[in-house]
Each structure stands twice: as C-alpha cells, then as structure tokens.
> 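Pasting in a structure now, in structure tokens, and then I'll have a few things to ask.
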Protein chains: 2
Amino acid sequence: LQSVKLNMMSGIVCILHDGDLPASLPWTIQDENLGVTDLGGAYVGPTQDRILGLAEELGVATYHVDDSNNSLAHLHGKIRRFTGTIPPTYNPVALLDLYRVMRAVDRLAREVPLRAPWTHPRAHDLDRMTAREFLRSLAWTRTTVSLMEILVRNVFAAEPHELSALGVMWYIHSGGGVERVANISNGAQERKFVLGAQTVSERLADRVGRDILKLKHVVASIVQTDEDVQVTTVQGDRYKAHFAISAIPTALINKMHFEPALPPLRSQLVQRMPMGSIIKTITFYSTSFWKQHGFNGSCMSDSGPISYCIDDTKPDGKHAAIMGFIQADKARAMCLFSPEQRRKAVIEHYANMFGIPEFLKPVGYLEKNWMEEEFSGGCYVSCFPPGVLTSYGKVLSEPFGRVFFAGTETAWEWAGYMDGAIRAGERAARQVLHALGHIPEAAVWENEP
Amino acid sequence: LQSVKLNMMSGIVCILHDGDLPASLPWTIQDENLGVTDLGGAYVGPTQDRILGLAEELGVATYHVDDSNNSLAHLHGKIRRFTGTIPPTYNPVALLDLYRVMRAVDRLAREVPLRAPWTHPRAHDLDRMTAREFLRSLAWTRTTVSLMEILVRNVFAAEPHELSALGVMWYIHSGGGVERVANISNGAQERKFVLGAQTVSERLADRVGRDILKLKHVVASIVQTDEDVQVTTVQGDRYKAHFAISAIPTALINKMHFEPALPPLRSQLVQRMPMGSIIKTITFYSTSFWKQHGFNGSCMSDSGPISYCIDDTKPDGKHAAIMGFIQADKARAMCLFSPEQRRKAVIEHYANMFGIPEFLKPVGYLEKNWMEEEFSGGCYVSCFPPGVLTSYGKVLSEPFGRVFFAGTETAWEWAGYMDGAIRAGERAARQVLHALGHIPEAAVWENEP
C-alpha cells in the first residue's frame, strides 16, 4: 500500500497547497441553524473503493441519499413524474430510442481503453466530433437528444457542444457506465458523508500531521535540476525536495512558472482542458414537505436555472433542503446575477416544477460559484474539447523531469470524482517510488490492492 | 492620434514584458550566411493600415512576395499545378462547389458583427458547430471540404474540428474575407519587411526609450486597489501605476497571480482560448532553382508535413529559401521528432511535391517551434473552441478594474495579425485615456484616424 499519505508520512513528498485546505474540491461548511453542508464535492457511490476505503479507515460514516418516491423531468416545457432510473416518456418510439442510445453509448464507452483512449479504432473520428454532434447522429428522437444532453450537462457541468465525443465516452467508461454515473441508488450519487466530505481531508491532514502541510502557500515557481526540485511560493518561501507532485487541475498548471519551461505539448495541453462551469446551491426549508406530496426532490430540467436537483435533508430528517446545480451556459449567464436574484430564480423554479408554492418560502439559501475559485477555476473537472484527447492525451499523466502530475482528471477510474483524485495521487506516489527504485515500473500502473 | 506609443511616451503606461523583446510574435534572426530571417510573424498586406502606417513612420520598408509562376496543390494524393488564387480542380462540379462554398463563407462572415459576433441571429447555432461540422454540412464535394480545411489549418494553425464555426466566420470577417486572408498578392501574405518584422518592434522600442522598457521581467502578480495597480515580477521588482495594460495572449493571463482574483467569467475564458500549434521552418538553397521549373515555391498539402510553403528568397535574389509551416496535428506529432528528422521530412516533402531532387540538398535549415515558447504558448493566435465566443466573448476586451487587456485576439480588425496587435493596443490605450477623463467613451471604440 504505497499511497500518497504513506509517502507524506515517510517525508518523501512535500505538499504545498495553492490555497486553504477547504479550497480543494470538498468544501463543507458548518452553520448553527443549517447544520453541515457540502458546497463542493459531496457524493460517493459503489465501486468508488479508494474514497470509501479511506473514509472507513478514517472513521468517516456515509448515509444513503433518499431517492424513494417520484422524481420529475422537465423537458420541452412539460413536467412529468417518474420512478426509478429511466426518465419518463410516454411515446414508445422515444422510449425504445432512449434505451437504444443508452445501450449504444455504454457499449462504445466500454470499448474505449481507460489508460489509452486514443488507441480506440474510432478514436480520431470520435474525437473530431462534439458530444452534441455525436448524440444527434445517433438518436432518432428529440426526447432522446434532450435527455442525453441533460445527462452530459449534469456529468460534466459543460454543454455537449464543448466536449469531444471520445472524451465523453472515456469518462463514462471511467465511471462505470451511463447508469452508474447518473443514478442515486447504485450510482455515483448514492451516498454522502454524515459530517461532510471535507471531514475526510481534515482527518487525513491530522493523520499526516498538520505541521508538514503548508496551506495558503501559493506556489509561484518550480525550478528543477538533475538532482532536485526547488519550489518557491508567492510569499517567497523556498522548499527543496527530490521530487514534487502537482495535484492542481491541469488548466491551472500555468499558474506556476517552470524552469526549465514546460515541454511544448504539456504547455499546450494546459491551455486546452478547461474546468466545467457550475454554481452549487442549497435551499433550506422548515420541513421536507415535498415528501408528503410523493416527491423525492429530484428534478432534471432542460431549460430551468437548475438543471438537476436532489433532496439534501440530513439522514435524521433535520435541516430539510434541496441541493440544486446551475450548470454550463446557465451558470455563465447567472454568474452575472446577484445572489438574491439567483435565490429567487431557484425557489421559483422549484415551486413551478413541483407545483408546490411552499417552495417560495425557504428558511435558508447557500451557494458556491465554483467559477470564482481561483485555485479550482471551475468544477467538477477539466473537460476535453474536440481533438484534445487524441492530440495531447498521452502527456496528461506523463512526468516532467522530477515533477509528477496527479489530479482527478489524470485518473483512469472515476476520473473527475473524489475517488479518482485519490487514485491519481496514489499513482503519482507510485511513480515517485519507482523513480526512487523502490518498486518496478509495472507496479506503477496497477491500482492499490 | 492616441496610440500606445504616445501613451508610453507620456509615461502613462508602464510596459512590462514577460520575456525578451524577440519573444513577441515577430522574431527576426540575423545570420552571416543566411541573411535576415523571420521565424515569427512576417507577412503584411493591404488594409493592414496600422502596421503598414507604423512601419512607414519608422522607416521600415516592405517588399512584395513573389507569387508569379505556378503554385502547387497536393490533395488526396494528387499533385496539381495552378496559377492565381483558386486551387486546381478539373471537375466542373467540384469547381462550382468550391466557388459556391467560398462565396457562402464570405457572405456569412461579412454578416457576423466584428465587435459583437455573439449578436448574429445564428450565433448560437454556429458557435455550437465545429468548423469541420459546418464545412461538411455546406460542401457537396470532398475536394471542397479538403481545400477549405487546408485554408482553416493555414489561417489558424489548428484543426477544423478544434474551432467554432462562428469563431472562424468572425475571424475571416476581421481579416477581410477568404481571399484576403488566403492570398499572397492583394492578401495577407503580400509583403514582408526588408529588414525583418522585428525591426518594427526594435525601432519602436528605440523611439519609446529603452530605459522605460523592462525586458526579461516576468510578471508574477498584479495587485490592485481603488487607487492603483502594483505589479511584482518573479525577480521581486515592484512597479506602481494608475493603470496597467496586459498584452499577453489570453491563454497566458493565468501566469500572473491577480489580487483580487480574476472575475469568474474571465478566469474561465483564459482556460478556453488555446494558442495554435505551429513549427515554422525555413530551408535555404544555393539558388531559387524552382523558378526555372516554373514554380513560385508555393504548395498547399492536405497530408504532407508542410501544410503550406512559399518562396522566402530575399528581394535582391539572395539567400534563396522556402518557408514552410508544420501545423496543427502535424505540428503536435512532429514536436516529438528531432530537428534533423524534421529537416529530412521537410526536404523530402519539397522534393516529392515539386518533383525536383535538388530540394534534397539545402544549404541551411532554420526552424522555430512556437509551442515551446513559454510566453507565447503557441502561434499565431488564440482560437475559439465551440461555445466559447457566445458564452465568454463579451469579457475578452472588458477591463478588470484598472487592468486593461490588449493582444491581437482582442482586436476586431485583423485579429491574430501584427496589425490587430497594434489596433488592440491602441484601443486599450484609449480605454486608459477614457478612464483618465481625456476622451469620451465613444472615442474608445473608434479606430485611429
């Protein structure tokens, strides 16, 4: 078990964070009236063994997100109830088409090699197409196109026209298929941490030892020689090490000045993997009244300000709340609104979707615009515009001298999720161990046992 | 006449360059045997009034690139001679189609508003499409698709699938139409500077005064208050000013740490405008023997290592040479070759295309891989992937407090060219003059008289 935390404990890796500890993806806040709230990464689910194992090891408990009762889908101006995982359509052709396209996407996604997606026989063809172009060429009906586009928007916080079809297939494979990434029960949104996701980071930080973590130390430059790496912060502190691991998003690597300069392909890659666009909102109510109306609080929408919402009430029934994502084009447009205007748009959306005026009377509203976070640049993850994966993918997890690159987008299982962040960190740590001669190269590319 | 240089002379603007003076787009080298060679921006043409006017003012003469004789086109494995501007096709349907598509592109491009391309009635539709998708939907024949794709690759140093159709239309409008951007005579490649393009920068630097230019000063951070802007370099020098103008490519703005942090939309925009991919090569011969074979040295290719080449012999006939671009996917692939391997691929390409074995015996070879230039990040210009222009375009030339943004991609005439760089600098200078209360707002948005 050669994980990052072991590396840190043995003093091999010096961790320099670009901001506060909370500026990493999980961002949990504590409020006397509203309880524990995750404004960043929050959900975990089956097969996310690294994050679940780490949480268990650190004694951080999870609970099941309630998805019993009816979900809603808002499509082409119509609102419909449904249960289970497949969104509602009463037209048998549309339903057949939806199943067909979901199957086709899953089949194709499974064929895309996780470690080398650019080697798929259709890699170049698929990478030259946007996800929008691909889905439109595949689907017979407008309903299927819309539902698949909502899925893409929710999974990437990006518009389907911004993404390469190959990149989307690879990502879906990395997350275990369409239903696994989309679902609550048996899917990526199945569970949350009782004390909030940041508790995992906090307890890990305690275990590693707070004294070796340098928070709020913004890295200004990384100078390397044949012997070592010298890291200088904006504040002027200097650190020397044999190796360094960078775990900031690929898009932000440019924030650090490298000497020697980054190799040409990496320099261009960091210009080509933008972070998604999202404002996460939590709206609190005095009770979870929607349950009495037979709703589970989940509603997907192709046109509302909130593209996807979900019950966020605590497992003990306290702090009744709805979590809602403002995503992609909507996020960029609503970025320019005031928080009060956004709050109003959100509660009006809920009242209209669920047909319950009580939604207009929240007892609290929290939001986090991830686009304004300097050290994440957006959320949840970097995405691949057309052409990037085939032209630059190979350098994504390639070391640059004594500097190794982690970050969830460099994982090949659950890339983009907290689980992928841990897997990528472990892989980078194994790269360091290999460079030190402690493990053979083959061991670098195997997951932790 | 409120130009950047006047601003600089009156001490309003403090210029801090991220690297050497030569690291700006023009990069001229002097070699005893090979003469003056432009390894960066080189060409100028009609309607590029700002650069031509500045050059004239500074006494820098131009000469006409020789495009008499035959050009070559290498398409689908066939090599054909042609004269004039329209590439050869002997199939009347293909020829008709090519004219039709060029006309349609020109007509549509002219309709895209230069200062606000996102306001075009079809803006969202066109921005969701890649240039590849758009050209394939428009053209009847494979010949037209290939020729238009070669054009796109040559104009952007990017693959058609990487670019938004709206972005391409806007750029073509900004350069005055398809033929204007593509052509030598009466086009953007009509002229070069006798002493090399960098002479313009050098003479301007002399006129401004070398003492106020801080070259090799890498900007680390920009801290602004209501009163002023403080710029700190990596070396630790500090400069204070009332206003600052940043003219580095949008993709590299992230290299500077901002306090307060960049607004959310600009922070995401700088992740979404990657620089093109190009290796510029110059191959020298003892004589321009291709002229005796009836060639002008120009050859476009859909599959060779050199997508476009052109005679680079000096106007007095000395230093016979061919300039050749390795672009987009080819540039990324050939990035990993050694210079010797690239030289070999280039001369073999010329020998095959022109059918003249003498091309295998060059007397010199120079190249510049712009992807490895830390302070340009690529060349010639940033491009717009699908969705970026409509979602983020508005913030491109929007000031951030006391910081204004220039750079050729923020111009609305000849964006991407040296001419656009000057226009954008002048506009940013007028924004500063307006902020100082010297000129009305309307005057900011007018070109220099």
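Computed from a predicted structure; not experimentally measured. Chain naming here is simple, since letters A, B, ... match the order of the sequence lines and numbering starts at 1 in each.
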> Of the listed residues (Glu372(B), Glu374(B), Arg128(B)), which shares the most heavy-atom pairs with chain A below a 4.5 Å separation?
Arg128(B)

> Does any backbone or side-chain atom of Ile253(B) lie under 4.5 Å from a heavy atom of chain A? Answer side chain, backbone, both or neither.
neither

> With a 4.5 angstrom heavy-atom cut-off, which part of Ser277(A) approaches chain B: side chain, backbone, both or neither?
both

> Of all the heavy-atom pairs spanning Asn254(A) and Ala251(B), show the shortest one and how long it is.
ND2-O, 3.8 Å

> Identify which part of Ala220(B) has an atom lying under 4.5 Å from any heavy atom of chain A, answering side chain, backbone, both or neither.
neither

> Considering only heavy atoms, which portion of Leu262(A) lies under 4.5 Å from any heavy atom of chain B: side chain, backbone, both, or neither?
neither

> To the nearest 0.5 Å, what is the distance between CG (Leu265(A)) and CZ (Arg332(B))?
9.0 Å

> If I measure from the heavy atoms of chain B, does Tyr392(A) come under 4.5 Å with its side chain, its backbone, both, or neither?
side chain

> Considering only heavy atoms and a distance below 4.5 Å, find which of Glu159(B), Arg132(B), Glu133(B) pairs most often with chain A.
Glu133(B)

> Between chain A and each of His257(B), Arg272(B), Glu162(B), Met273(B), count heavy-atom pairs under 4.5 Å; write down the option with the most.
Arg272(B)

> Indicate the atoms forming the closest heavy-atom contact of Gln268(B) with Met275(A), along with that distance.
NE2-O, 3.3 Å

> Using non-hydrogen atoms only, which part of Ser221(A) is less than 4.5 Å away from chain B: side chain, backbone, both, or neither?
neither

> When you measure from the side chain of Gln271(A) to the backbone of Gly377(B), do you find a donor-acceptor pair of N or O atoms at a distance under 3.5 Å?
yes

> Of the listed residues (Ala261(B), Gly387(B), Pro386(B)), which shares the most heavy-atom pairs with chain A below a 4.5 Å separation?
Pro386(B)

> Looking at OG of Ser267(B) and CG of Leu252(A), how far apart are the two atoms once the value is rounded to the nearest 0.5 Å?
7.5 Å

